[in-house]
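Accompanying notes for the structure given below.
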Amino acid sequence: MAENVDRSLMSLARRLRLDVSPLREFRDFRLLLGSGLITMLGTVITTVAVPYQMKQLTESYVAVGLVGLAEFVPMVVCGLWGGAIADARDRRTIVILSEVGLCLSSVLLLVNALLPRPQVWVLYAAGALAAGLGSVRSPSEQAMINRVLPLDRMPAAFALQGLVRNAAMIAGPAAGGLIVASVGPAVSYAVDVASFLLSLVLLVRVGAVPRAEEPTPASLRSLVEGVRYALRRPDLMGTYLVDIAAMAFASSTALFPFLAEDLGASKAVGLLYAAGGVGAVIASLTSGWTAHVHRHGLAVIVSATVWGVAVALAALMPDMWLVCLFLAVAGGADMVSGLFRGTIWNQTIPDSYRGRLAGIELLSYSTGPMLGDARAGFMAQLGGARFSLGLGGLFCVAAVGLMTAVLPRFRGYDARTDEHALALRPPESATA
């Protein structure tokens, strides 16, 4: 009896264990992942510093919320165009040049913070510039990862990317909150500049990445072709729309400086930013079970619903630790949703469309939080931070339910039978 229990526990542990084989076996993936970790750490520190500095300068919910709105237009335009050029030009070069530009945007923030009277408009302008450059960079980076790894390693790779990204979301906000509250925004921006320089050292060591097919010249026509391809795929549209709806209603990071003050813990604001990352890291480390799930659309729907419920409950909690607990649950649910969305994207989209669709993916998971911060700021102006957080979570649940009802093809997606997944699967896997 005890022996059977031991075998069952060992089997469960194997199913939950994170698959690190892509990291172990593929050098370029290690370099890209390391670069992404370093860049993310610095970027998150700045993400904490900008709203903190904006609050210092204006004491306005709306001004803080508008930081995300200022980033929206450049992110949309550059995300779509970044996807088009990722399918037309050398993706490695695009990533490196974008990283240089991002470094310069952080230099701009640093110089502004050192002025006797820092300018509010610079925070908006630098945010818009960084959003545009990051949106150019991201599609090429993701398309590179798709080329340096076999398709059957993509779920594991996406879990590793999520682990790294969310580890940064723990360490970055915790460090960022401590730095900005103790020594000010200028030091935060200086750390971000240093992180970009270190990231560039890794990026230049990544080898040339060959394409599977002839490149498609970047043009308005090619961009439109990418959008049309996405519109013909209800499964893809479901991943985009559910995530945008969930984030636009329940993502509320702009409220964290105000929420920390409401909880009597202003210097612990980094904990609020880090909580979601803690949950996401736990979800990543136990992600082995996801390889046994085939109804990826339904998994995204359930995860997005849990995200909204957890955010709504966080708004009701009376102290910092309970708020952080439910934000961690929300972060874990968001990570699981992202993993299944990424699996659908990376296992069903042909390489000739990969850059353009990566641009659309970027919009789907980036516009939501930006719109969410703007929404959170306006709603908080009406009823306070807790009102905005809680009502946003409830709206998220309702919106995901609506998307589920109107997108039956997405709800019913099954990786074992989907025509697009089968078309890209190696012959031996398709017949297995």
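Since the structure is predicted, the reported quantities are computational estimates derived from the model, not experimental observations. Excluded from the calculations below are hydrogen atoms, water molecules and symmetry mates; all remaining heavy atoms, backbone and side chain alike, are included.
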Verdict with supporting geometry, F340 and I301, side-chain contact (heavy atoms from CB on, under 4.5 Å): CA-CA 10 Å; F340 285 115; I301 289 166; over 6 Å; no

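- Taking I96 as the reference, R92, L200, L203, V204 meet the side-chain contact (heavy atoms from CB on, under 4.5 Å) condition, with sequence neighbours excluded.
- Closest heavy-atom contact between P318 and L263: O-CD2, 3.9 Å.
- Expressed to the nearest 0.5 Å, how far CD of E59 lies from CE of M54 amounts to 12.0 Å.
- For the atom pair T43 OG1 and D192 CG, the distance stands at 5.0 Å (nearest 0.5 Å).
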Distance-only check: which donor-acceptor pairs under 3.5 Å involve side-chain atoms of residues 182-191, not counting sequence neighbours?
residue	atom	partner	partner atom	Å
S182	OG	L178	O	2.7
Y189	OH	Q53	OE1	2.7

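- Note: L313 CG to L322 CG = 11.0 Å, rounded to the nearest 0.5 Å.
- Contacts of Y353 classified as ring-ring contact (aromatic ring centres under 6.0 Å, His included), with partners at least two apart in sequence or in another chain: Y229.
- Two residues are said to be in side-chain contact when any heavy atoms from C-beta on lie closer than 4.5 Å; L371 and M247 fail this criterion.
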Steps toward side-chain contact (heavy atoms from CB on, under 4.5 Å) verdict (I349, L236): CA-CA 9 Å; I349 298 172; L236 294 182; 4.2 Å; yes

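- The side-chain heavy atoms of E99 and S199, taken from C-beta on, include a pair separated by under 4.5 Å.
- Here S195 contributes atom OG and M40 contributes atom CE; the two are 10.5 Å apart, rounded to the nearest 0.5 Å.
- Looking at residues two or more places apart in sequence or on another chain, you find no salt bridge (Lys or Arg N to Asp or Glu O under 4.0 Å) involving D418.
- Interatomic distance, S140 OG to I85 CD1, rounded to the nearest 0.5 Å: 6.0 Å.
- In this view, E71 satisfies the salt bridge (Lys or Arg N to Asp or Glu O under 4.0 Å) rule with no residue, not counting sequence neighbours.
- Put simply, the side chain of L57 reaches to within 4.5 Å of the side chain of L123, judged on heavy atoms.
- Contact record, L108 with A126: CD2-CB, 4.1 Å, taken as the closest heavy-atom pair.
- Between E141 and L32, the shortest heavy-atom distance links the atoms OE2-O, 4.2 Å.
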side-chain contact (heavy atoms from CB on, under 4.5 Å) assessment of C78 paired with L133: CA-CA 7 Å; C78 295; L133 290 167; over 6 Å; no

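- Among residues two or more places apart in sequence or in another chain, the salt bridge (Lys or Arg N to Asp or Glu O under 4.0 Å) test is passed with D243 by R341.
- Under the salt bridge (charged side-chain N to carboxylate O under 4.0 Å, His left out) criterion, the residue pairs touching residues 383-405 are D262-R386, with sequence neighbours excluded.
- For the 3.5 Å distance criterion, the side chains of D373 and T253 qualify, holding a donor opposite an acceptor.
- When the ring-ring contact (aromatic ring centres under 6.0 Å, His included) test is applied to F256, the partners found at least two apart in sequence or on another chain are Y273.
- Among residues two or more places apart in sequence or in another chain, the salt bridge (Lys or Arg N to Asp or Glu O under 4.0 Å) test is passed with E419 by none.
- Looking at heavy atoms from C-beta onward, V300 lies in side-chain contact with V242 at the 4.5 angstrom threshold.
- Screening residues 299-326 for salt bridge (charged side-chain N to carboxylate O under 4.0 Å, His left out), with sequence neighbours left out, gives no hits.
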Evaluation steps, side-chain contact (heavy atoms from CB on, under 4.5 Å), between F196 and T39: CA-CA 6 Å; F196 281 122; T39 294; 3.5 Å; yes

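- No donor-acceptor distance shorter than 3.5 angstrom exists from the side chain of S35 to the backbone of L31, with no hydrogens or angles considered.
- The nearest pair of heavy atoms linking P51 to T46 is CD-O, 4.5 Å.
- Counting only heavy atoms from C-beta outward, the side chains of R233 and T348 approach each other to under 4.5 Å.
- Side chain to side chain, S337 and W307 fail the donor-acceptor criterion of an N or O pair below 3.5 Å.
- Using a 4.5 Å cut-off on side-chain heavy atoms (C-beta onward), D28 and R205 make no contact.
- No donor-acceptor pair closer than 3.5 Å links the side chain of S138 to the backbone N or O of G134.
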Please list, one pair per line, the donor and acceptor atoms closer than 3.5 Å that link side chains of residues 375-385 to other protein atoms, with sequence neighbours excluded.
residue	atom	partner	partner atom	Å
R375	NE	A248	O	3.1
R375	NE	F249	O	3.2
R375	NH1	S388	O	3.3
R375	NH1	S388	OG	3.4
R375	NH2	F249	O	3.0
R375	NH2	S252	OG	2.9

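- Annotation: side chain of S303 is not in contact with side chain of D334 (no heavy-atom distance under 4.5 Å).
- In plain terms, the two heavy atoms of A246 and A304 that are nearest each other are CB-CB, 4.3 Å.
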Report, one line per pair, each donor and acceptor closer than 3.5 Å where one atom sits in a side chain of residues 390-413; sequence neighbours left out.
residue	atom	partner	partner atom	Å
T404	OG1	V400	O	2.8
R411	NH1	T404	O	2.6

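- Atoms NE2 and CG, on H296 and L298 in that order, are 11.0 Å from each other to the nearest 0.5 Å.
- Of all non-hydrogen atoms in V64 and A254, the two that sit nearest each other are CG1-O, 3.7 Å.
- Of the charged side-chain nitrogens involved, at least one lies within less than 4.0 Å of a carboxylate oxygen, so that K55 and E261 count as a salt-bridged pair.
- Residues L160 and V164 fail the side-chain proximity criterion, which asks for heavy atoms closer than 4.5 Å.
- Side-chain atoms of S105 come within 3.5 Å of backbone atoms of L102 as a donor-acceptor pair (strictly under, hydrogens ignored).
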